[in-house]
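Since the structure comes first, as structure tokens, the remarks are kept for the end.
Basis for what follows: all heavy atoms, side chains included, without hydrogens, waters or symmetry-related copies. Sequence positions, counted from 1, serve as the residue numbers for this chain. For clarity, every value in this text was computed on a predicted model and none was experimentally measured.
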Amino acid sequence: MNDYLPIEDYGLIGNLHTTALVSKTGSIDFLPFTRFDSPTIFAALLDRQKGGHWQISPNGEPYDSKQMYLPETGILLTRFYTRGGIAELTDFLPIKQKEKRFSLVRTLKIIKGELRIKMECLPRFDYARSLPIMEQQPDSIHVQCVDKKGLRFRLLSNRELQLQHHSITGEWVLQQGELLSFVLESRTKKARLYEKEELDAYTQRAFLETVHYWRNWVEQSTYTGRWREMVLRSAITLKMLTSYTYGSTVAAATFGLPEYVGYSRNWDYRFTWIRDSAFTMYAFLSLGFTQEARQYIRWVMDRIEHMADASELQLMYAVDGACKLEEVELDHLEGYKGSRPVRVGNAAYKQFQLDIYGELIDTIYLYNMHGGPITYEFWKYVAMLIDHVTTIWQTDDHGIWEVRNEERDFLSSKVMAWVALERGIQIADYRSFPAPLDKWRKVRDEIYLHIYTEYWNEEVQAFVQYKGASLVDASALLMPLMRMFSPAEPRWVATLAAIERELVTDSLVYRYSLENGASDGLDGPEGTFSICSFWYIECLSKAGRVEEARLLFEKLLSYANHLGLYSEQIGLQGQQLGNFPQAFTHLSLISAALQLNRDLSAKPGDYTTNDQYV
């Protein structure tokens with residue numbers, strides 16, 4: 001298992017339809033082809049021997065490597081340093097309107113000296129369940145790969161390539177200034193062939209167009225505060241996880257990466273969670289990216305308008321809004337460092353999670369305030385959802401952490417039920433929409449008092465994970481962030497102290513104690529949850545502990561990988577754990593940075609709060 005690279009040794013590239021992971025060694029070890037949730041053609045990340053990869057790197061002598069993003073873009077550079085010289089590999093996915101017009105561009109330029117460069121491409125279709133059918137094209141620079149279902153791509157190069165044993169290889173000695181160009185593209189049977197000169201021109205043109213796209217997009221940002229580089233890197237990452245076609249955002253680029261190496265908490269996150277997307281839209285709106293929020297609202301509207309009643313709202317959907325996400329175990333893959341099973345699909349889509357109503361209504365509230373007014377026709381559907389919450393808020397559910405084998409009356413779910421009603425009332429008041437406001441206010445207040453009295457544990461001196469429990473859950477950090485309680489509320493102050501005693505390790509925060517909390521029926525430990533760590537820092541800032549929050553925030557930034565990317569969790573050896581990169585983590589980084597920046601910029605006597613509710 002030692003031949004697996006650390007999760008943090010990868011960078012992300014994307015075209016707003018799918019993403020790929022590129023390692024420090026110049027290997028593409030993960031690529032769903034051609035949509036986020038499509039089967040992979042490269043999956044060495046999950047099985048080094050069977051998964052398939054595409055590596056370009058020096059051969060025959062040791063090398064060091066470093067990676068960086070071209071500033072304010074999604075273009076990744078990997079630089080190789082050898083005794084004989086320096087080579088620079090550039091990787092990117094050109095942005096195209098149509099998913100099926102996929103292309104992946106890789107160029108390698110010799111910056112100094114002379115290097116022997118090796119290229120090895122081992123495509124493995126359908127999650128490595130199918131070997132490609134390969135054929136050499138007449139001019140020797142085109143290789144066409146087809147799987148048994150007819151899915152096909154071509155690998156083009158400005159150098160001669162060889163076919164051998166279901167792989168494509170090449171090796172060249174290159175001098176300073178020489179350039180290798182490769183394009184992997186999805187094509188039809190009648191695709192036009194390129195000449196060598198045309199290929200070089202295409203890669204250069206595609207590079208300039210991709211730089212232009214990303215920098216134009218970043219220029220829309222209104223954020224000029226502290227930690228701007230990290231904030232915008234997180235925003236670019238969220239954008240790469242957002243569908244150009246549908247406006248939906250996937251929770252992470254990958255599937256199957258373990259929450260703890262060697263154990264079985266390994267899920268497929270390449271789908272659109274209502275919860276994650278709702279928080280993502282807040283991040284986009286806060287930074288001035290209103291178009292992304294507008295597209296997501298359209299996607300949400302389409303889901304809601306096709307429901308017969310409010311109970312049909314799912315916690316997650318496919319990128320295109322499909323409802324069924326059947327979970328399958330890929331038994332032929334060994335998993336990252338032996339972490340099995342490897343799952344695709346996600347059975348959690350069948351779960352009832354009460355909190356999604358609050359997150360969705362909160363997003364609609366934010367959009368109505370900062371993105372554009374919603375219509376009355378849409379409001380009628382929104383009111384249907386809010387009214388449904390008045391009838392189900394006492395129902396047990398699987399909770400924000402998607403506990404698989406039991407339902408509980410989770411605190412976080414009740415908090416978000418309160419949010420659904422409170423934000424619905426605000427929308428109706430602000431827009432003078434017809435609504436049963438007396439009924440909604442009555443239930444909202446019932447939920448508030450229910451939480452205040454029934455979830456408080458006098459012995460623990462905290463609001464606990466579920467009614468009758470004796471442990472705290474980091475999701476309670478949402479209470480002040482959602483403006484349910486003032487940061488100065490005595491019971492909240494005590495709860496924060498309990499979270500610090502039980503779950504906080506410096507700037508890292510566990511979500512809850514697996515030994516004593518709601519059981520998911522799975523074995524093994526897990527790392528600290530990065531979204532909880534950023535929530536904690538944001539709560540400290542809102543509570544007036546601003547300098548402490550700043551110190552912890554800047555410490556937490558140091559846990560990002562070399563490119564500023566985070567997975568779902570961080571282990572106590574500083575390693576990234578879980579699917580990578582994780583939207584939840586990056587959106588919470590943005591939110592914490594915004595809150596801290598406001599509080600640090602406030603003058604004495606100013607009152608600051610989370611501007612999403614101003």
Side-chain angles (χ1 to χ4, degrees), residues 3 13 15 17-23 25-57 91 93-94 96 99-106 118-172 180-194 199 253-256 270 328 330-335 342 344:
D3 52 351
I13 56 175
N15 63 358
H17 299 292
T18 191
T19 57
L21 293 185
V22 186
S23 76
T25 65
S27 182
I28 295 179
D29 289 344
F30 185 84
L31 173 60
F33 184 78
T34 57
R35 202 172 80 174
F36 298 110
D37 53 357
S38 294
T40 56
I41 58 171
F42 302 126
L45 188 64
L46 298 166
D47 193 309
R48 297 299 297 174
Q49 300 303 316
K50 300 176 186 175
H53 68 271
W54 182 13
Q55 183 159 12
I56 303 171
S57 61
D91 285 301
L93 297 176
K96 297 183 179 181
E99 166 202 328
K100 297 300 182 183
R101 294 187 61 204
F102 172 93
S103 64
L104 192 167
V105 177
R106 314 193 76 185
K118 181 178 181 180
M119 190 281 294
E120 182 179 59
C121 182
L122 282 70
R124 299 294 182 260
F125 286 99
D126 193 23
Y127 301 117
R129 290 183 291 201
S130 175
L131 291 171
I133 302 166
M134 296 183 176
E135 56 185 44
Q136 189 90 32
Q137 296 291 337
D139 62 0
S140 81
I141 65 168
H142 299 75
V143 175
Q144 185 159 277
C145 298
V146 186
D147 79 345
K148 295 176 182 177
K149 298 178 182 178
L151 184 68
R152 64 181 64 232
F153 70 80
R154 299 190 303 168
L155 179 61
L156 299 80
S157 175
N158 63 352
R159 302 281 173 152
E160 185 173 349
L161 305 174
Q162 291 80 45
L163 302 186
Q164 48 184 280
H165 307 299
H166 303 291
S167 67
I168 311 163
T169 61
E171 189 167 340
W172 312 274
L180 277 174
S181 297
F182 301 92
V183 177
L184 187 155
E185 62 177 8
S186 56
R187 304 299 288 178
T188 64
K189 292 181 180 179
K190 297 181 180 180
R192 183 180 67 84
L193 300 182
Y194 286 81
L199 183 63
T254 61
F255 64 91
R270 300 171 300 154
V328 177
L330 302 179
D331 295 331
H332 65 290
L333 297 179
E334 71 174 3
V342 176
V344 292

Taking only residues two or more places apart in sequence, or in another chain, which ones meet Lys96 in a side chain to side chain contact (heavy atoms under 4.5 Å, CB included)? Pro94, Arg101, Ser103, Tyr202

Non-neighbouring partners of Arg270 that pass salt bridge (Lys or Arg N to Asp or Glu O under 4.0 Å), sequence neighbours left out: Asp268

May I ask you to decide whether Lys118 forms a salt bridge with Glu171, counting only side-chain N to carboxylate O separations under 4.0 Å? no

Pairing residues for Phe102 by the ring-ring contact (aromatic ring centres under 6.0 Å, His included) criterion, not counting sequence neighbours: Phe33

Which residues pass the side chain to side chain contact (heavy atoms under 4.5 Å, CB included) test with Glu99, not counting sequence neighbours? His17, Thr34, Arg35

Leu31 vs Leu104 side-chain heavy atoms within contact, under 4.5 Å: yes

List the steps and the verdict of side chain to side chain contact (heavy atoms under 4.5 Å, CB included) for Thr18 and Ser38. CA-CA 8 Å; Thr18 191; Ser38 294; over 6 Å; no

Do Leu184 and Ile28 pass the side chain to side chain contact (heavy atoms under 4.5 Å, CB included) test, and can you show the C-alpha distance, the side-chain angles, and the key distance before you say yes or no? CA-CA 12 Å; Leu184 187 155; Ile28 295 179; over 6 Å; no

Measure the spacing between CE of Met119 and CZ of Arg159 and express it to the nearest 0.5 Å. 12.5 Å

Taking atom types as modelled, is there a side-chain donor on Ser23 or Thr25 under 3.5 Å from an acceptor on the other? yes

Sorted by chain and residue number, the side chain to side chain contact (heavy atoms under 4.5 Å, CB included) partners of Pro39 (sequence neighbours excluded) come out as Asp126, Tyr127

Counting only N and O atoms by type, is there a donor-acceptor contact under 3.5 Å from the side chain of Asp47 to the main-chain atoms of Glu334? yes

Given side chain to side chain contact (heavy atoms under 4.5 Å, CB included), test Ile13 with Thr19 step by step and report yes or no. CA-CA 6 Å; Ile13 56 175; Thr19 57; over 6 Å; no

Over all atoms of both residues, closest heavy-atom pair of Glu135 and Leu163: C-CD1, 3.9 Å

Distance from Leu151 atom CG to Ile41 atom CD1, nearest 0.5 Å? 8.0 Å

Gly51 and Ala128 have their tightest heavy-atom pair at CA-CB, 3.9 Å

Hey, would you say the Phe30 and Phe255 ring centroids sit under 6.0 Å apart? yes

Return the minimal non-hydrogen interatomic distance between Lys50 and Arg124, and the atom names on each side. O-CG, 3.5 Å

What are the two closest non-hydrogen atoms of Gln162 and Gly170, and how far apart are they? OE1-CA, 3.6 Å

About how many Å separate NE2 of His332 and CZ of Arg129, when rounded to the nearest 0.5 Å? 6.0 Å

Once you round to the nearest 0.5 Å, how far does CZ of Arg154 lie from OG of Ser186? 10.0 Å

Any side-chain heavy atom of Glu120 within less than 4.5 Å of one from His53? yes

Could you tell me which residues satisfy side chain to side chain contact (heavy atoms under 4.5 Å, CB included) with Ser167, sequence neighbours excluded, listed by chain and number? Leu122, Gln164, Thr169

What do the steps show when you test Asp91 against Trp54 for side chain to side chain contact (heavy atoms under 4.5 Å, CB included), and what is the final call? CA-CA 12 Å; Asp91 285 301; Trp54 182 13; over 6 Å; no

Would you give the length of the straight line joining atom CZ of Phe182 to atom CG of Leu161, rounded to the nearest 0.5 angstrom? 6.5 Å

Minimum heavy-atom separation for Asn158 and Leu199, please, with both atom names. N-CD2, 3.5 Å

When you measure from the side chain of Asn15 to the backbone N and O of Leu93, does any donor-acceptor pair fall under 3.5 Å? no

To the nearest 0.5 Å, how far apart are NE2 in His165 and CE in Met134? 11.5 Å

